[in-house]
Amino acid sequence: MATKRNKDTSRTGYFGDFGGQFVPETLMTALRELAAEFESAMADEDFKAELDRCLREIGGRPSELYFCKRLTEQLGGGKVYLKREDMNHTGAHKINNTLGQALLALRMGKHRVIAETGAGQHGVATATAAAVFGLECDVYMGTEDMRRQALNVFRMELLGSRVVPVTSGQKTLKDACNEAMRDWMASVEHTHYILGSVTGPHPYPTMVREFQCCIGREARQQMLDVEGRLPNCIVACVGGGSNAAGIFAPMIDDDVKMVGVEAGGRNMSVGGHAAPLCAGEPGVLHGSLSYVLQDADGQTAPVHSISAGLDYPGVGPQHSYWRDTGRVRYTTASDDEALDALVALARAEGIIAALESAHAVAEAMKIAPTMGADEILLINLSGRGDKDCNEIGEILERRGKGFQTGAP
Amino acid sequence: MSLSDNRILRTFAEFRQAGRQTLVPFLTAGYPDLDTTEALLKDFERRGVRICELGIPFSDPIADGPTIQASYTAALNAGVTCSEIFEMVRRYRDGGGQMALAAMVSYSIVFRHGADAYLAEAKQAGFDGLIVPDLPMEEAANMEAMASEAGLANILLIAPTTPPDRRIEIARQSQGFIYYISVAGITGERDALPPATIDAVAELRTQTDTPICVGFGISKPTMVEEVCRVADGAIVGSAIIHRITDAKDGSADDLVEKVGAFVSEMLRPVE
Ligand SMILES: Cc1ncc(COP(=O)(O)O)c(C=O)c1O
């Protein structure tokens, strides 16, 4: 069970000073109803059994724990394991959350769902859940992301959802969030907003974390089964922070080091990266108080990342709390480091990671060599890279790297 | 400082006494530029406007529809900052401007500056109240006290989705007036008010003495008239901003004249 130290929830919806519900009054009733429904669902054995069934039969859980034999040898340090969220149906951890929230939508009698998406993984996972349960579904997506993640746009449409192009702002994830919230303001009576990360107003940060905790619960047991002990260190990428929270939270009170990896982008000057925990300050964005990248007036700053799923100026409030209490260390991996790590993992283990997850792999490749051979490093491989192949090809081409053939 | 001398409270008290209602026009500060905003304020005052709402441009206004959003983006792209907006308000006051001014400002901006500092500066510049659309009652607890301390009215919003008990509590806490949102949704022009709005405001009227202004979607004089049968004021935003957008490529004088003429039309039902 968690202690106060790592889960300060003395004020509802707050993690220490972070969190809250900074939204228009129009949404307050829906948020209260959602919080109450979530609480009652989590106390309902039938709901939990149904969710478990969905995760198993639709999501493909449990996901495997995989020992990276060749990568471990190459790095020459700690034993490297992957939690294979890339093997889930639809290709990422996002399905864990969308199945949970879609079941909640049904429970609340709402027949329409909406979502924002960056990489398109959350959009595809929402569209999938909507198809499974026969819900109407609209997904908001920035036009820049629609370009970068064209395959996922096609998948969502094939699944029967409507993809609504967002052309405001930087035309990426933040702007898609704005549009989804605006839709919800007008549709809140019959629509549930399936928010895709541990961000946004209460209860989303708590609810999405709980739906993602299957990752950490499984991983914990799998480590005990395979190694007879917990890992020394866990690494996960942090966009909004849902895959990281999902693997961290169930082991937060164990003696396990944790590292969250934000997008270091091209450089660490304004607009060059998407690393609010490493380079931002506390502020309010999309309904919660958390670290955010913004200017002196509170205007959200432009961000950049090679990976659409990390290209976001905010982060979940619980990560801000973990940052300030020192429980989790946060760092960055640059675009280039992520790309190199993606290629390295593909060649060493035959696994093409999502660009988001490759940020975690990049940091792990730095940490593993510093560890003893008896130590264990666990990477949350949040998703697979099929969606990124076109984009990666173009970037490698542009950088004149191309592909070097043959094994490294 | 107390609110006894606050322009918003005084103005509504006067209206009450005279049995009159009012129009509350909204302007995006710095759209298309701050000089034009100042000229519009003066023009509105000459035409008989007594209370005006000034939107502080924000990069991510989730309660706003395309018209106001685009005006915010344009103002920010032109480089407008909070301190320049405060300076403009100060100039308006120094020039003898007497309208009551409420700032519509995101909590993202207020928090970033530090609520104490922001409120003090707003008051000092010449604002009389503030509306923080993303700060619901629960999170606003400190704000009410801090605003009163600074001499500003903290105006709260009630939405069609707000349950009955909560309406009464918000009405109790709101200072200056209550902002009743006519539709569940975002700002933007509409052809008609939802029929339930008038009934809801009439009911709220029986539950509070605080003035009630209705906003979101009010786009023509007949709607002002309809709203002011039950409310103390009608707030008009997108309909004004769209007229600024239409006129912004011409001369500033022409813009002020055109937008002012529309405001006069909208004022007629409450004159
Ligand atoms: C594979 C993958 N990993 C990570 C993320 C980032 O989200 P979060 O930090 O919430 O896990 C995304 C988002 O789209 C993703 O698709």
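Residue numbers start from 1 in every chain, and the chains themselves are labelled A, B, ... in the order their sequence lines are given, proteins ahead of strands.
When the candidates Val188(A), Leu289(A), Asp175(A) are compared by the number of heavy-atom contacts under 4.5 Å with chain B, Leu289(A) comes out ahead. Counting heavy-atom pairs under 4.5 Å between each of His286(A), Gln21(A), Met181(A) and chain B puts Gln21(A) at the top. Options Leu76(B), Ile170(B), Ile56(B) differ in how many heavy-atom pairs under 4.5 Å they form with chain A, and the most are formed by Leu76(B). Between chain B and the residues Glu281(A), Glu189(A), Glu179(A), the largest count of heavy-atom pairs under 4.5 Å involves Glu281(A). Put simply, of Val183(B), Leu156(B), Thr162(B), the one with the most heavy-atom pairs under 4.5 Å next to chain A is Thr162(B). Of the listed residues (Ile158(B), Thr161(B), Ile181(B)), the greatest number of heavy-atom pairs within a distance under 4.5 Å of chain A belongs to Thr161(B). With chain A as partner, the option from Glu138(B), Met137(B), Gln69(B) having the largest number of non-hydrogen pairs under 4.5 angstrom is Gln69(B).
With a 4.5 angstrom heavy-atom cutoff, Pro282(A) touches chain B via backbone and side-chain atoms both. Looking at Pro133(B), only its backbone comes within 4.5 Å of chain A, counting heavy atoms on both sides. Residue Ser187(A): no heavy atom, backbone or side chain, is found under 4.5 Å from chain B. Contacts between Thr73(B) and chain A at a heavy-atom distance below 4.5 Å are absent for every atom of the residue. Neither the backbone nor the side chain of Asp183(A) comes within less than 4.5 Å of any heavy atom in chain B. With a threshold of 4.5 angstrom between heavy atoms, Phe58(B) approaches chain A through its backbone and through its side chain. Heavy-atom distances place both the backbone and the side chain of Pro61(B) under 4.5 Å from chain A.
Between Phe22(A) and Tyr107(B), the ring center distance clears the sub-6.0 Å criterion. Between Tyr118(B) and Phe86(B), the gap from one ring centroid to the other is short of 6.0 Å. Side-chain rings of His304(A) and His273(A) stay apart, their centers remaining 6.0 Å or farther from each other.
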Tyr31(B) and Tyr72(B): CA distance, side-chain angles, deciding distance, ring-ring contact (aromatic ring centres under 6.0 Å, His included) verdict: CA-CA 7 Å; Tyr31(B) 182 65; Tyr72(B) 278 5; 9.2 Å; no
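Glu87(B) has no carboxylate O lying under 4.0 Å from a charged side-chain N of Arg90(B), or vice versa, which leaves the two without a salt bridge. A salt bridge links Asp138(A) to Arg112(A): at least one charged side-chain nitrogen sits closer than 4.0 Å to a carboxylate oxygen. Salt bridge annotation for Arg167(B)-Glu25(A): absent, with no cationic side-chain nitrogen under 4.0 angstrom from a carboxylate oxygen.
A donor-acceptor pair is defined here as one N or O able to donate and one able to accept, closer than 3.5 Å; no such pair exists between the side chain of Thr36(B) and the backbone of Pro32(B).
The aromatic rings of Phe216(B) and Tyr179(B) stand perpendicular to each other, their planes meeting at an angle above 60°, with 30° marking the opposite boundary.
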